[in-house]
A.B. asks: 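The following block contains the structure, expressed as structure tokens.
Quick note: numbers below take in every heavy atom, side chains included, and nothing from hydrogens, waters or symmetry partners.
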Amino acid sequence: LPSPIPCSLTQPVTPELLVSPSSQDGELGSECPEDRGNWTGRLDFLLSCIGYCVGLGNVWRFPYRAYTNGGGAFLVPYFIMLAICGIPIFFMELSLGQFSSLGPLAVWKISPLFKGVGMGTILIVSLVAIYYNMIIAYVLFYLFASLTSDLPWQHCGNWWNTDLCVDHHVIKAGNTTFPVNITNTVSPSEEYWSRYVLHIQGSSGIGDPGRIRWNLCLCLLLSWTIVYLCILKGVKSSGKVVYFTATFPYLILVMLLIRGVTLEGAWKGIRFYLTPQFDHLLSSKVWIEAALQIFYSLGVGFGGLLTFASYNTFHQNIYRDTFIVTLGNAITSILAGFAIFSVLGYMSQELGVPVNQVAKAGPGLAFVVYPQAMTMLPLSPFWSFLFFFMLLTLGLDSQFAFMETIVTAVTDEFPYYLRPKKASFSAVICIALFLMGLILTTEGGMYWLVLLDDYSAGFGLMVVVITTCLVVTRVYGMKRFCRDIHMMLGFKPGPYFRACWMVLSPATMMALLVYNIIKYQPSEYGSYRFPAWAEVLGILMGVLSFLMIPLGMVVAVLREEGTLWERVQQASRPAMDWGPSLEENRTGMYVASLAGSQSPKPLMVHMRKYGGITSYENTAIEVDREMEEEEEEESM
């Protein structure tokens with residue numbers, strides 16, 4: 001028979017011995033918020049994490065970063081940074097989410113003084129979600145443009161082309177008879193992107209956005225509609241969609257890789273990508289670039305991992321999942337590099353120029369260079385459609401995570417009001433972010449996108465991650481955190497994790513933050529330099545997210561009573577209801593923290609109610625014994 005109390009997932013419940021028979025029926029249940037829900041399939045969580053981490057950056061940032069930072073030698077700092085920064089922080093986020101079953105705001109019951117960290121996370125994720133969906137809109141635009149027998153960016157001579165436009169077929173034919181100077185020319189794909197898709201000539205700069213490009217606006221509306229339909233029922237719906245969006249890109253990537261390496265000149269590109277230049281390893285810039293790539297690629301600090309883990313069952317093996325996702329993400333990045341550079345090698349041979357003249361990063365690679373390379377292949381619309389379909393599936397599941405993070409964070413704060421209306425609330429968020437993103441669909445929208453990309457998740461995100469690391473290890477306590485993981489997984493994290501959490505990860509993040517501030521460069525797009533007011537706006541955007549931390553502290557302190565120091569101490573301690581959300585998982589020290597609990601032997605209540613001792617209850621007994629021994633030592 002189902003339990004008479006439907007809210008045990010979200011609200012701590014008084015142990016059986018302390019509840020009178022009359023109060024156990026009905027009354028409690030009527031006050032409970034709606035069930036929070038869980039993943040419905042075994043692979044939902046794993047695939048969602050893979051889909052979230054493996055995004056557009058793996059295709060358009062990693063290969064370029066690798067070749068500019070020492071080629072194959074870049075893999076050395078990359079994997080070292082993965083071990084120091086990536087894996088430990090990834091595991092910490094998953095542990096926090098799974099242990100508490102709470103979103104990125106409510107999880108700060110662990111130390112209410114630092115709730116501002118959660119607010120900062122939500123602000124960052126909201127800003128990123130606005131522009132990330134615009135990139136998906138561009139991908140949709142190109143996807144539809146590929147549904148033709150002749151790709152529109154294949155030739156010059158269209159209304160948007162200028163006199164500088166030179167077709168690669170002309171260059172190839174010209175190579176045999178006369179040298180063509182391509183430095184002052186523009187490819188048809190570049191003009192298609194800037195003059196047709198963006199229509200950037202209609203704007204003089206960031207202060208003059210120009211008119212809305214209605215075809216881009218419709219693509220943005222379509223991308224928000226797709227995202228909304230996929231997150232409509234929370235993780236129950238998005239958990240099913242990722243079976244396609246997380247796996248299909250691999251199929252396309254392998255197809256593009258096979259097609260790429262069979263092209264003439266492909267090895268020229270791959271050699272350029274992987275030739276190790278070990279002298280680069282002496283430069284601090286290379287190590288910082290490796291850490292940045294790990295940091296953004298795994299998506300730590302955005303709250304997505306914490307949100308996904310919060311829908312897990314309490315004893316899910318996230319330790320194993322951490323290694324599967326982080327190493328899978330690294331291997332995908334390396335694979336993508338082969339797929340990209342094999343085609344760039346072919347392209348450089350076709351154009352008769354060195355590879356470094358055709359290699360680009362970011363939107364320039366996805367919307368200019370690769371589409372141009374596609375026009376050189378037989379069946380070009382087919383390969384173009386596949387490439388943009390891969391980008392679409394890569395982008396969508398990262399966007400699901402951003403949206404799920406925002407919705408979960410707010411609904412966990414107001415479970416009684418918002419959880420039953422989660423679908424309507426998701427719609428409100430999607431509409432609000434769509435309206436905020438309309439400026440990105442204007443003729444000068446690209447300038448705003450660059451500004452958002454450069455500042456929304458810069459130093460603010462690093463401060464959020466550093467603070468999280470320090471609060472968990474120093475304020476909450478390393479011993480206590482390891483004990484929680486022991487209770488959840490049946491074993492304690494080893495010395496490697498403890499060393500990284502205590503020293504190595506925060507120190508590396510600090511170095512990243514300092515480097516970012518010292519090496520700060522104003523934003524630019526091509527030859528366009530942003531005005532001072534735009535720079536200030538960007539910096540404010542970055543600063544606002546970590547200003548939430550002191551703001552949250554002030555609010556938390558004002559809620560407490562006593563002298564200032566007493567208030568700070570009280571606010572930094574975990575809330576009374578901190579701990580596992582399900583009654584049956586609240587063993588050991590956490591049973592005593594349940595509402596109204598006075599029981600001298602909480603574990604015995606637990607055993608009586610749930611029958612017998614499982615291996616996890618054994619763990620709880622061990623944890624209790626450890627705590628008793630520590631208390632005795634302290635009293636002596």
Side-chain angles (χ1 to χ4, degrees), residues 54 56 58-68 71-72 74-75 139 142-143 145-155 167-176 182 187-190 247-276 328 330-361 364-394:
V54 177
L56 297 169
N58 296 64
V59 173
W60 74 26
R61 287 235 164 88
F62 177 83
Y64 187 81
R65 265 203 172 117
Y67 109 79
T68 51
F74 180 69
L75 296 179
V139 170
Y142 271 83
L143 192 69
S146 303
L147 299 171
T148 166
S149 56
D150 221 11
L151 291 173
W153 56 85
Q154 192 157 356
H155 303 290
D167 201 326
H168 80 272
H169 301 295
V170 176
I171 297 171
K172 198 177 177 191
N175 277 350
T176 52
I182 70 156
S187 68
S189 65
E190 195 160 331
T247 55
F248 198 67
Y250 285 96
L251 180 67
I252 301 180
L253 194 61
V254 169
M255 288 170 75
L256 289 172
L257 180 64
I258 294 167
R259 172 71 264 202
V261 295
T262 54
L263 292 169
E264 200 183 335
W267 292 105
K268 194 174 166 185
I270 290 171
R271 203 163 50 242
F272 194 78
Y273 166 51
L274 279 186
T275 304
I331 292 161
T332 307
S333 298
I334 296 164
L335 255 180
F338 282 103
I340 296 293
F341 271 90
S342 58
V343 173
L344 293 185
Y346 164 72
M347 186 172 166
S348 79
Q349 180 146 320
E350 285 285 292
L351 296 175
V353 294
V355 180
N356 62 351
Q357 275 192 31
V358 292
K360 281 188 179 179
L365 173 77
F367 301 119
V368 178
V369 178
Y370 215 81
Q372 186 187 355
M374 296 291 106
T375 63
M376 301 177 186
L377 301 175
L379 287 174
S380 54
F382 169 73
W383 292 109
S384 176
F385 181 85
L386 270 191
F387 175 69
F388 286 109
F389 196 72
M390 177 182 79
L391 290 188
L392 176 68
T393 50
L394 283 174

A.B. asks: Hey, what do you get for CD1 (Ile334) to CG (Leu75), rounding to the nearest 0.5 Å?
C.D. replies: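 Here the interatomic distance stands at 5.0 Å.
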
A.B. asks: To check you understand the geometry: which heavy-atom pair defines the closest contact between Ser384 and Met374, and what is its length?
C.D. replies: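 In this case the closest contact between Ser384 and Met374 is N-SD, 3.8 Å.
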
A.B. asks: Are Trp60 and Ile340 close enough, and set up right, to give a side chain to side chain contact (heavy atoms under 4.5 Å, CB included), and what steps lead you there?
C.D. replies: CA-CA 9 Å; Trp60 74 26; Ile340 296 293; over 6 Å; no

A.B. asks: Show the nearest heavy-atom pair for residues Gly260 and Ala266, with the distance to one decimal.
C.D. replies: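 Heavy atoms only, the tightest pair is O-CB, 3.2 Å.
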
A.B. asks: Find the distance between CH2 (Trp153) and OG1 (Thr375) and round it off to the nearest 0.5 Å.
C.D. replies: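 So the CH2 of Trp153 and the OG1 of Thr375 are separated by 9.0 Å.
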
A.B. asks: Nearest 0.5 Å, what's the CE-OG1 distance between Met390 and Thr393?
C.D. replies: 7.5 Å

A.B. asks: Atom CE of Met347 and atom NZ of Lys268: how far apart are they, to the nearest 0.5 Å?
C.D. replies: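 Answer for the CE-NZ pair, Met347 versus Lys268, is 12.0 Å.
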
A.B. asks: Heavy-atom distance under 4.5 Å between the side chains of Phe338 and Leu274, does that happen here?
C.D. replies: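 The answer is yes, as the side chains (C-beta and beyond) meet within the 4.5 Å cut-off.
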
A.B. asks: How far does CD1 of Ile270 sit from CH2 of Trp267, to the nearest 0.5 angstrom?
C.D. replies: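 Going from the CD1 atom of Ile270 to the CH2 atom of Trp267 covers 4.5 Å.
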
A.B. asks: Taking atom CG of Asn58 and atom CG of Leu253, what is their separation to the nearest 0.5 Å?
C.D. replies: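 Between Asn58 CG and Leu253 CG, I get 9.5 Å after rounding to 0.5 Å.
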
A.B. asks: So which atom in Tyr346 and which in Glu264 form the shortest heavy-atom distance, rounded to 0.1 Å?
C.D. replies: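 Scanning both residues completely, I find the closest heavy atoms to be CD1-O, 3.2 Å.
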
A.B. asks: Just by distance, with hydrogens left out, do Tyr250 and Thr332 show a side-chain donor and acceptor under 3.5 Å apart?
C.D. replies: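 On atom types as modelled, these side chains qualify, holding a pair under 3.5 Å.
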
A.B. asks: Determine whether the aromatic ring centres of residues Phe387 and Tyr142 are separated by less than 6.0 angstrom.
C.D. replies: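 Centroid separation for Tyr142 and Phe387: 6.0 Å or greater.
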
A.B. asks: Evaluate Leu344 against Tyr273 for side chain to side chain contact (heavy atoms under 4.5 Å, CB included), listing each step before the verdict.
C.D. replies: CA-CA 10 Å; Leu344 293 185; Tyr273 166 51; over 6 Å; no

A.B. asks: Would you please test Met376 and Leu351 for side chain to side chain contact (heavy atoms under 4.5 Å, CB included) and show each step?
C.D. replies: CA-CA 10 Å; Met376 301 177 186; Leu351 296 175; 4.0 Å; yes

A.B. asks: Going through the checks in order, is the side chain to side chain contact (heavy atoms under 4.5 Å, CB included) test met by Phe74 and Phe62?
C.D. replies: CA-CA 10 Å; Phe74 180 69; Phe62 177 83; 3.9 Å; yes

A.B. asks: Closest heavy-atom contact between Leu151 and Ser146?
C.D. replies: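 Here Leu151 and Ser146 meet closest at CD2-CA, 3.9 Å.
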
A.B. asks: Students often mix this up, so state it plainly: with edges at 30° and 60°, are the rings of Tyr67 and Tyr64 parallel, tilted or perpendicular?
C.D. replies: perpendicular

A.B. asks: Taking all atoms of both residues into account, what is the closest heavy-atom pair of Phe388 and Val139, and its distance?
C.D. replies: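 That would be O-CG1, 3.2 Å.
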
A.B. asks: Within the structure provided, determine whether Leu147 and Pro381 are in side-chain contact (heavy-atom separation under 4.5 Å).
C.D. replies: no

A.B. asks: What are the two closest non-hydrogen atoms of Val355 and Gly345, and how far apart are they?
C.D. replies: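 Closest heavy-atom pair between Val355 and Gly345: CG2-CA, 4.5 Å.
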
A.B. asks: Would you say the side chain of Val343 lies within less than 4.5 Å of the side chain of Leu377, judging by non-hydrogen atoms?
C.D. replies: no

